[in-house]
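Only heavy atoms go into these numbers, but all of them, side chains included; no hydrogens, no water, no symmetry mates. All of these numbers come straight from a predicted model, not from anything done at the bench. All residue numbers refer to positions in the sequence shown, counting from 1.
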Amino acid sequence: MSENEIEGVRSSELFLGISLPEAEELDDQEFDIPQVETAPTLESILNEDSLLEAENSSFQPEDFTLSMLETEELEDSSGEQQQPLQEEEEEEEVEDQEVQEETAASIPALQWIKDPPLPVVEQDAVLDCVTLKGISAQILSAVGRVEGGGPTAMAVCGIIAVGTSTGQLLIFDHSQVLKLCLGSLNFGAQYGPISALGFNNDGTRILCGFLRGQILQWDVESGKLLRTIANVIPAGNSVVTVKFTDDPTVAVCNDSAGSVFELHLKRSLGVKTWDSHCLFNSEKGKVRCVEPLHLREEFSGHPVAQLLLLAMVSLRKLLIVCQKPQPRVIHASPLKAHGACVPSLSWHFLRFGGSTDPVLAFCQGSCMSLYHVKFANEMLSVIKLKEFNFHFEIVDCKWLRPSTLLLVDNGERLHVVDRQSGEDLQQMEMENMQLVSAFAHPSGGDSAAVTADYKRVAYQSVCAYGGQVTFLGTKSVRVVSLKTWEERLDCFIREERYEEALALAWKFSEGSARAAVGLPGDKEMKKAMVANKAVELLLAYVDLSLRRCPEQGKLQVMEEHFQKTIPLCVTCCIKFNKMEVLFSEVYEKLIHHAVALGVLFECLQPHISAGRLTSIPPLVMKDMVGHYEDQGMTEILDDLIPHLDVMTLDFHQVVSLSRQHKLCDALIFVFNKGMNDYVTPIEEMVGGMASASPGVKPDEQVMVGNKILVYISCCLTGQAYPFGVLPDSMVQTVKTQVFTCLTSVQAKDIEGSKGPYPFIRTLLQYNTREFLNVLALAFEDVDQDQQAIEFRQRIIDILLQVMLESTDFSPSQIGSLFTFLARQLAKAEDTLFVNRQLFHQALHFLCNPEDTTQHAERQQALLELLQAGGDAYFEETKLLSMAEAVQFYQVCEFVYKQRRLYHKFVTCYLKNPARKDQALEYLDIIITSSELTEEERFLFQNEVFCNLQELLALGARQTASLILHHFQDSIPLVLETLQQNTKLLFEFLHGVFNPRVEPWPFREASCLGHDCHERYLELLCQNHPSLALDFLKLSDMYRLEEAVEITQRYQVYEALAYLLERQGDTQGAFSVLMESLKLSLQTALLPSSTAETEGIPCEGHDLLQAVHSLLLEIIAFCQRTSGTLDSKQRQDLWFPLMDFLMSPSAHLQGSLSDEVERGIKDFTKEVLESMTTYIPLMDILQRLMQDPVYSVGKYGDIKTLICGILDAYIYEKTLLEATSSLLSQDLHWSLCSLRAAVTRGLAPVHKRCGVCMQQYSRAAGMGARVVLFSCGHIYHYTCLHSSLSQQEGQVEQWACYKCQAPNKNWTPITPKRAAQDPQCLELGQGQIAASDCLIRAFKNPSRISILMDVTRQPSSVDSSKLGTDIFRHSGILESAEFKLNLAPPPLID
């Protein structure tokens, strides 16, 4: 037994769990074990198992373990024996599974993100809500103990004051201990519930407002009643708001009626007194909200501290009032929201540049506006900063921080809003809160004072102090504040949402997080503090990831698990600049887990490539290199190593790996940066290319060659590879070392049998052109000193020696060399010497007529040599002869262009098979060039004419266009030359006159006479008769008689009919078309064999389609000519066509098939429907009845036709009667309206004559006549007559004297005057106004008047040319576009 067999047996023993003797006792036939040709190997079995696991992994549960698999196998082995049917099903499942395994193996693994972006932070809870259980419990217990009633108002100033419905005031300290209970039940009985509270700035005094309008001042420290303020609020009104200002002796309050009062608290002779002043009376408007500006101690020096700013909201306006030194309004803006919406105000100080100014937040409805109170140049100004609109109604707003506001909506939900963007950061439900209102517990008759506007007001239940907002509910007191940044992170940690916690921490670090609390103002300190917290998150996140990793199972599942967590950890370490944590604590946690460590190394790749990570500890770097090598990802490692710090690398490990896997970049980087060696990489890589065995992959060799060329180019030009710049002190040294290496005669690692200069030889053989380009770039950068010139000369001598003495180089490589030499000689300015004889040798080598291989390559090489300046080394005559001998036509073109022999280009293009198709396009470019002289143009023209036949064969259209555009005078000569060759003549003329070309080129060929057109028509009728009609329609340069004779000769009926129609021979044209129709129908009746013999398509459907197309042309012809013929001539056109179709058997030979009969019936319907417009229906019916074919026993064939004609007649008759009735009704209505307007009485608007200004009733004598116009002006007859006579000399028509402009000489419009002065027809402004007034007198225009208007001349016609016959011109109704084309119903259903 061989070693492989023994190993296979041992492996089978291991996996089957049985010994070898037991296995030998198994009988194949007993257990029905199938025989296999080749026993499976261990490797194939293992691969098959892995494929099965890969296929079934998606169906296994997350807690799948090996123990579960063993249990399942035991259960299967202890089961009963399977039936044969089940065995067959299992075999089919195995086959399907094998197919699925092959498919799964062919699908690449899903790519995972190695540099993931930070996740989006969702549901970040920024609010912290705490219920003050002590205060809540004590309020309820105190109320129950002393019957204090429910809470009605609250004020907060370090301590919390709560007013009750029985008039008692409860004071709690900061530890929620009830400090004082002020007032008694008598106060509640006398004053009613407490409706408003207000502390002073230091919290030592509190004002308490009651529902019945009284105000009390208490000393909070001693509990004494200081003042009882009465008779300020009018009787029947209640206190809505009472608040201290910054001046402790001044307070403001407003009542439920909308008035605002200013309270002055005084002390006179030891007695505490008070005085009041009404700031805003409710009679001017109802104020609903008042908010004074309170300044903290740090803003006590602000200019507004002495002004006592007060914001108020009335039903219509927002007001900002300055109370000192004199009350005045500094800002007023109208409100946009509805008056029923609850307004709210809140002040805060914000920093603007170098100053800090107060900002007012005003909310009403769903809108929030911010106003900046600015103090500049001793002037106060208010600027509206921003306005935000929300999807909810706001009932109160408070400032939490300068950048954050807290809004309360009408559903008692809290909204945290960012001041800059208006973004709603968080919404919080206040469950079971039930904010109290000062009017929620009215007593007795006091409920009448409660208005509907204040039922939703919560001013006394929401208080802000020290960045916290306190809410007073019916059963509890809650405090809401912003969480600190650490508390927000801890919330995510408790929920194990580490990804979002890290993303939020990064926002805190870069300053983009909203509502951030607890971070220092200094940026560096803030970043350091957040980074330390992020490290704790990272380490906890790594521990959680390790705990959640499956302990047993497939490697793929474990990799997918770590691929979701570790890349984010690496990204965060780099963002927070905590790389020492990544490679110390995180690395130590992952070092015992190989899968996690591998994922860590792989996700470092994008950070290293992007330059974000440049330094890795040496031990970690060594492990990472080993991992990439084990995983076969050495190409990635080749890209990563140049981006790292060379001092962290293990030189031996990297160099060995680079030599083994051809990692060029890594090898060059280590030698250059680590050993300061720039020559060894060239020796090793070029040596490897020279000694490469035939088994080396071409792609791998190409990759190495490209990189070594780039590396040499960088070294010779002072650049670092693969990026960067060499130090200035190293540039010249590196260049010298590389040049010395390249020009070495021998190399220790390259066999000497291949010849001297192995480095240059190898690079030239790899890619001659690119290596020479590298040398050209290096020569441009070399200083022009004697040493550089000598070095360049040496390089060129070596190149010539290597390439010309060897037979391993192709013609293109030789051509590239001499092209390089020609360019260098042109730049060297006599400092570079090359034997000119070498250029002649290169020319003979490239133009060797005996060498028929690589023709295009040799021509291209010679052409590049000439373009680089090599033509200076050759004699043009010799060069042309040699190029023509080997058919180097592009080289010939280059020489001809240098000698300006442009006419030779024609021959070069026509002889060159590769460029023959481009000849006409290039010739057109040459002839249109402005550089050609007259002599050159003449030579070019002769060359074109000499090769005219070949050019026409290439493209008749392009050749004809070329001659037509540039050689028009020579066209007769061209026609005479081609007269003997009819085919070429037709090709030329067809290129000029082809009617299917768009745009038609005849516009450019107008110089051609009628002889050319007629000759082309004749040739067209012979070759393409279907195009003859198109040509005749486009051209008008032919004679009709000759064209008719040509078309008759070649029997082109459609074209002949068109020509006869143009001559006016309508009947002749119709006869030709009818003859064509008969021939077409006769063709349709031919048998299939006859049709095929005559070359006619035998498909009946296609033939009928051709007949139908011809019939439509005949119908169009008849319709076109019927408009100019009388009734007799129209019948002569239509009736023969109808007779032919009604009885086709009388005009055709042969029997009609069923398909043809059906087609002819359809044709007859179309003809009858078309002719009813031009032939009377009775004439058509009479024609049908007189037809002898239908005189006896044929009525059934034309029954449907006759019925259709009768239906059309009835339809037209009904239409005519309806139209006549409508016109009669409209005419009657118009006349009635006109009669009513004419007989309408007129009433004068004045009682005085418009001329003499006397009352018209007091005339000179009884019976004096007056004249009254429709405008209402009235005149004495004598006065008006005398006035008009003075202007005109005679009175032809009457007109109102006042309605005419006094500076115009009024004259009536008469036909005589209209003929002399056409401008008088234009209407003036007064006439247009009178016309509009007349139109408005009618209810609506009649239909007949509308038709009369549209029949008149359009407005575009010049009215000055119409004269008096303005209504005789045809209107738009006469145009074809406006005609009402009513067609009768179809004749046959």
Side-chain angles (χ1 to χ4, degrees), residues 112-119 489 498-499 501-512 522-546 562-628 633 636-637 639-651 653-654 666 669-670 673-674 723-724:
W112 56 285
I113 302 176
K114 299 180 181 179
D115 182 14
L118 293 177
L489 294 178
Y498 287 92
E499 298 87 350
L502 291 171
L504 183 59
W506 175 245
K507 284 189 174 184
F508 287 136
S509 177
E510 64 177 0
S512 63
D522 185 70
K523 292 184 178 180
E524 298 300 327
M525 293 179 61
K526 177 177 65 175
K527 289 184 177 180
M529 184 181 297
V530 176
N532 293 333
K533 182 67 175 180
V535 170
E536 298 178 9
L537 293 175
L538 280 172
L539 296 178
Y541 186 38
V542 172
D543 292 337
L544 179 65
S545 177
L546 292 174
F562 287 112
Q563 287 169 2
K564 297 176 182 178
T565 57
I566 294 180
L568 184 61
C569 296
V570 175
T571 301
C572 291
C573 286
I574 294 175
K575 283 183 175 292
F576 289 104
N577 196 20
K578 290 293 181 179
M579 302 311 303
E580 68 279 4
V581 176
L582 176 63
F583 295 119
S584 58
E585 299 179 41
V586 175
Y587 187 76
E588 290 175 0
K589 290 178 180 293
L590 301 179
I591 196 171
H592 301 292
H593 204 297
V595 177
L597 196 62
V599 173
L600 172 65
F601 290 144
E602 292 180 21
C603 63
L604 293 177
Q605 174 195 345
H607 303 285
I608 297 174
S609 299
R612 295 189 292 267
L613 180 60
T614 58
S615 179
I616 300 178
L619 294 178
V620 178
M621 187 65 204
K622 183 177 180 180
D623 294 342
M624 187 179 75
V625 173
H627 170 76
Y628 276 93
M633 297 185 293
I636 299 177
L637 197 61
D639 176 67
L640 297 182
I641 289 178
H643 293 83
L644 296 172
D645 185 4
V646 71
M647 302 308 296
T648 63
L649 301 177
D650 185 340
F651 287 1
Q653 180 190 26
V654 175
F669 178 75
V670 171
K673 300 295 183 180
F723 45 80

### Query
side-chain contact (heavy atoms from CB on, under 4.5 Å) between V530 and F576: does it pass, once the steps are laid out?
CA-CA 9 Å; V530 176; F576 289 104; 4.0 Å; yes
### Message
Let's go through L619 and F583 carefully: what are the C-alpha distance in whole Å and the side-chain angles of both, what is the deciding distance for side-chain contact (heavy atoms from CB on, under 4.5 Å) to 0.1 Å, and is it a yes or a no?
### Response
CA-CA 10 Å; L619 294 178; F583 295 119; over 6 Å; no
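For D543, the salt bridge (charged side-chain N to carboxylate O under 4.0 Å, His left out) partners are K589, not counting sequence neighbours. Annotation: salt bridge (charged side-chain N to carboxylate O under 4.0 Å, His left out) contacts of K575 (sequence neighbours excluded): none. Remark: V535 pairs with L539, K578, V581 by the side chain to side chain contact (heavy atoms under 4.5 Å, CB included) rule, at least two apart or across chains. Listed by chain and number, the residues in a side chain to side chain contact (heavy atoms under 4.5 Å, CB included) with I636 are Q605, Y628, M633, L640 (sequence neighbours excluded).
Ring planes of H643 and F723: tilted class, angle from 30 to 60°. By the 30° and 60° cut-offs, the orientation of the rings of Y541 relative to Y498 is parallel.
The distance from the NE2 atom of H607 to the CD1 atom of I616 is 11.0 Å, given to the nearest 0.5 Å. Taken to the nearest 0.5 Å, the CD atom of Q653 stands 5.0 Å off from the CG atom of D650. Atom-to-atom distance recorded for I608:CD1 and S615:OG is 10.5 Å, nearest 0.5 angstrom. Taking CE of M624 as the start and CD of E602 as the end, the distance is 11.0 Å to the nearest 0.5 Å.
Here the side chains of L502 and P119 are not in contact, with every heavy-atom distance at 4.5 Å or above. Contact check for L546 versus L590: side-chain heavy atoms found under the 4.5 Å cut-off. When side chains are defined from C-beta on, V542 does not count as touching T565, because their heavy atoms never get closer than 4.5 Å. At least one side-chain heavy atom of V599 sits under 4.5 Å from a side-chain heavy atom of W112. Contact check for F669 versus V654: no side-chain heavy atoms found under the 4.5 Å cut-off. With a 4.5 Å cut-off on side-chain heavy atoms, L597 and H627 do not count as touching. Looking at heavy atoms from C-beta onward, T614 lies out of side-chain contact with L644 at the 4.5 angstrom threshold. Looking at heavy atoms from C-beta onward, L118 lies in side-chain contact with C572 at the 4.5 angstrom threshold.
Judged by distance alone, with hydrogens and angles left aside, the side-chain atoms of N577 form no donor-acceptor pair with the main-chain N or O of C573 at under 3.5 Å. No donor-acceptor pair closer than 3.5 Å links the side chain of D645 to the backbone N or O of T648. A donor-acceptor pair under 3.5 Å is absent between the side-chain atoms of S509 and the main chain of A505, judged by distance alone. Not a single donor-acceptor pair under 3.5 Å links the side chain of S609 to the backbone N or O of P606.
Closest of all the heavy-atom pairs between P116 and P567 is CD-CB, 3.5 Å. Considering all non-hydrogen atoms of both residues, L600 and Y587 come closest at CD2-CD1, 3.9 Å.
Pairs engaging residues 608-618 under the salt bridge (Lys or Arg N to Asp or Glu O under 4.0 Å) rule: D115-R612 [sequence neighbours left out]. Residue pairs satisfying the salt bridge (Lys or Arg N to Asp or Glu O under 4.0 Å) criterion with at least one member in residues 617-628, sequence neighbours excluded, are absent.
When the shell of 6.0 Å around CG of L544 is examined, it contains more than 12 heavy atoms from other residues, nucleotides or ligands. Around the NZ atom of K673, the shell of radius 6.0 Å holds no more than 12 heavy atoms that belong to other residues, nucleotides or ligands.
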